[in-house]
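Heavy-atom basis, side chains included; hydrogens, waters and symmetry copies ignored.
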Protein chains: 2
Amino acid sequence: MFAGALPANDRSIQAPGTATAAYLQRPRQISLIGPDEEIYRQGDRSGSLYRVEFGAIRIYRLHADGRRQVVSFHLAGETFGLEAGRTRSFFAEAMVHTGLTSAGSTSGETASQELMAMALREMIRAQEHLLVLGRQSALEKLAAFLLDISERQGDLNPIDLPMTRIDIGDYLGMTIETVSRSFSKLRDEGILRLHNARSVELLRPEKLRQLCR
Amino acid sequence: MFAGALPANDRSIQAPGTATAAYLQRPRQISLIGPDEEIYRQGDRSGSLYRVEFGAIRIYRLHADGRRQVVSFHLAGETFGLEAGRTRSFFAEAMVHTGLTSAGSTSGETASQELMAMALREMIRAQEHLLVLGRQSALEKLAAFLLDISERQGDLNPIDLPMTRIDIGDYLGMTIETVSRSFSKLRDEGILRLHNARSVELLRPEKLRQLCR
DNA sequence: TGCAGTCTTTGATTCGGATCAAACGGCAGA
DNA sequence: TCTGCCGTTTGATCCGAATCAAAGACTGCA
């Protein structure tokens with residue numbers, strides 16, 4: 001896959017409100033990616049950056065024995081794909097039906113100011129994630145996670161979780177059973193309501209905040 | 001503390017091999033910092049970057065209940081101090097007698113290429129740390145930690161650990177007792193030798209590598 | 001509408017690491 | 001060299017989360 005390219009995909013469409021010059025017109029071309037479809041993989045040449053127009057992406061790495069660490073999720077409006085090396089050290093997959101556009105590349109053409117901002121964002125995200133993984137209990141981890149997602153969805157309530165319990169577990173460093181039990185605990189304490197596994201209404205966000213500090 | 005400044009400190013000396021213009025000559029001025037002395041704290045105005053000439057630094061954040069998460073260690077030759085926001089969100093302290101020089105600042109005067117490289121380094125470091133914290137056992141965490149330090153000391157053997165067991169624990173998300181037990185386990189398995197708590201000889205580094213993959 | 005497969009929840013048990021406790025060892029200062 | 005202190009190691013017990021197991025709920029498809 002050459003630098004700046006989006007995955008080959010015959011289901012591309014034009015972004016709404018865009019001139020229809022199609023092929024040669026670099027930006028605004030949306031690639032549609034299905035659930036669990038791969039965007040890039042460890043070992044691929046890096047360079048391309050992506051913007052999530054709708055849907056959601058998981059970035060992860062696999063350990064030799066199959067254990068998986070999800071490093072980040074990227075929701076609508078967010079960009080991803082920045083890597084320090086010349087080859088990818090992570091996998092990127094869509095979690096639901098997702099639309100991607102090109103967000104430039106690391107090779108020259110993108111303003112270095114934007115790249116810097118992106119690098120700093122990723123640095124912060126990783127550092128915040130670190131704080132959660134290192135010293136928090138299962139309940140505290142889930143609380144921090146829900147607040148993060150809620151905020152990134154513009155305090156949408158109920159929250160829409162595009163990821164499975166497995167994804168959440170691999171992101172927070174715990175098993176799906178523990179994730180599920182933590183949800184149930186928060187439900188039993190009246191802190192949230194589970195409309196279904198993917199839709200979570202926060203009833204007392206302040207309680208969550210209290211939990212994870 | 002103004003941007004670009006090193007902590008006020010009456011024990012400054014000239015770096016070896018430097019012209020002696022002293023005061024007005026910005027670079028090469030070494031600040032000497034004692035063990036557990038603070039370089040900056042959460043809430044301080046950010047901007048200054050530092051280079052460790054000798055010694056070692058810990059970067060950490062405190063949770064409300066006193067739990068501490070060490071985010072990174074910085075050894076001789078490494079730079080630190082980059083933060084995304086206008087105020088510091090971490091504490092920086094020396095762990096042993098340490099010499100620091102200014103490594104520029106985030107406000108203009110430093111080449112953005114260097115800043116970008118630093119941001120990417122920090123991003124990688126945080127991501128690698130994430131992989132260790134998320135899904136590894138105590139033994140695997142310690143193995144990964146020792147290999148990291150060993151490499152950053154140029155494969156010096158025995159390794160010189162400038163940090164206490166508490167620091168290691170707060171970095172890896174485990175208690176000092178578990179850190180100590182993990183050291184003992186690696187010793188009993190003939191993988192390393194403890195000359196003393198701070199000096200660790202790696203006898204079979206390949207075994208460590210095997211452990212943490 | 002019913003069915004199959006998958007994801008989630010809940011329950012029982014196990015286990016790794018935390019906590020509590022005490023002994024040990026190395027280093028600084030007298 | 002002796003002594004006291006602090007960091008480290010080791011031991012005993014406890015607890016939170018992992019694992020093993022099974023039931024329940026949702027989704028897509030026939």
What is the distance, to the nearest angstrom, from the CD atom on Glu140(B) to the P atom on dA18(D)? 14 Å
Under 4.0 Å from OP1 or OP2 of dA17(D): is there any side-chain N or O of Thr178(A) that close? no
Checking Arg41(B) against Phe91(B): charged group under 6.0 Å from the ring centre and within 45 degrees of the axis? no
Of the listed dT8(C), dA18(C), dT8(D), the closest approach to the Arg165(B) side chain comes from dT8(D)
Rounded to whole angstrom units, what separation is found between the CD1 atom of Ile166(A) and the P atom of dT19(D)? 13 Å
What's the closest nucleotide to the Arg187(A) side chain, out of dT8(D), dT10(C), dT9(D)? dT10(C)
Examine Arg58(A) relative to Phe73(A) and say whether NZ or CZ is less than 6.0 Å from the centre of the six-membered ring and inside a 45° cone about the ring axis. no
Base, sugar-phosphate alone, or nothing: which one does Gly169(B) contact when heavy atoms must sit under 4.0 Å apart? nothing
Atom CD1 of Ile168(A) to atom C1' of dT8(C): distance rounded to whole Å? 11 Å
Looking only at the aromatic ring of each residue, does the gap between the centers of Tyr171(A) and His129(A) stay below 6.0 angstrom? yes
Check the distance between dG17(C)'s C1' and Leu142(B)'s CG and give it to me in whole angstrom. 14 Å
Are Arg135(B) and Asp65(A) within salt-bridge range, i.e. N to O under 4.0 Å? no
Considering only side-chain heavy atoms of Ser184(A), which listed nucleotide, dT9(C), dG17(C), dT9(D), is closest? dT9(C)
In whole angstroms, how far is the P atom of dG26(C) from the NE2 atom of His195(B)? 13 Å
What's the closest nucleotide to the Thr175(A) side chain, out of dT9(D), dT9(C), dA18(D)? dA18(D)
From dT19(C), dT10(C), dT8(C), pick the nucleotide closest to the side chain of Glu177(B)? dT19(C)
How many whole angstroms separate atom CZ of Phe183(A) from atom P of dT10(C)? 12 Å
When rounded to whole Å, the CD1 to C1' distance for the pair Ile176(A) and dA22(D) reads 13 Å
At less than 3.5 Å, do the side-chain atoms of Arg181(B) and the base atoms of dG11(D) form a donor-acceptor pair? yes
Which one, dG17(C), dT9(D), dT8(C), comes nearest to the side chain of Ser180(B)? dT9(D)
In whole angstrom, give the distance that lies between atom CG of Asn196(A) and atom C1' of dG28(D). 15 Å
For DNA chain D, whose closest nucleotide is more 5', that of Ala197(A) or that of Ala197(B)? Ala197(B)
For the pair Glu189(B) and Lys185(B), find out whether any cationic side-chain nitrogen is under 4.0 Å from an anionic carboxylate oxygen. yes
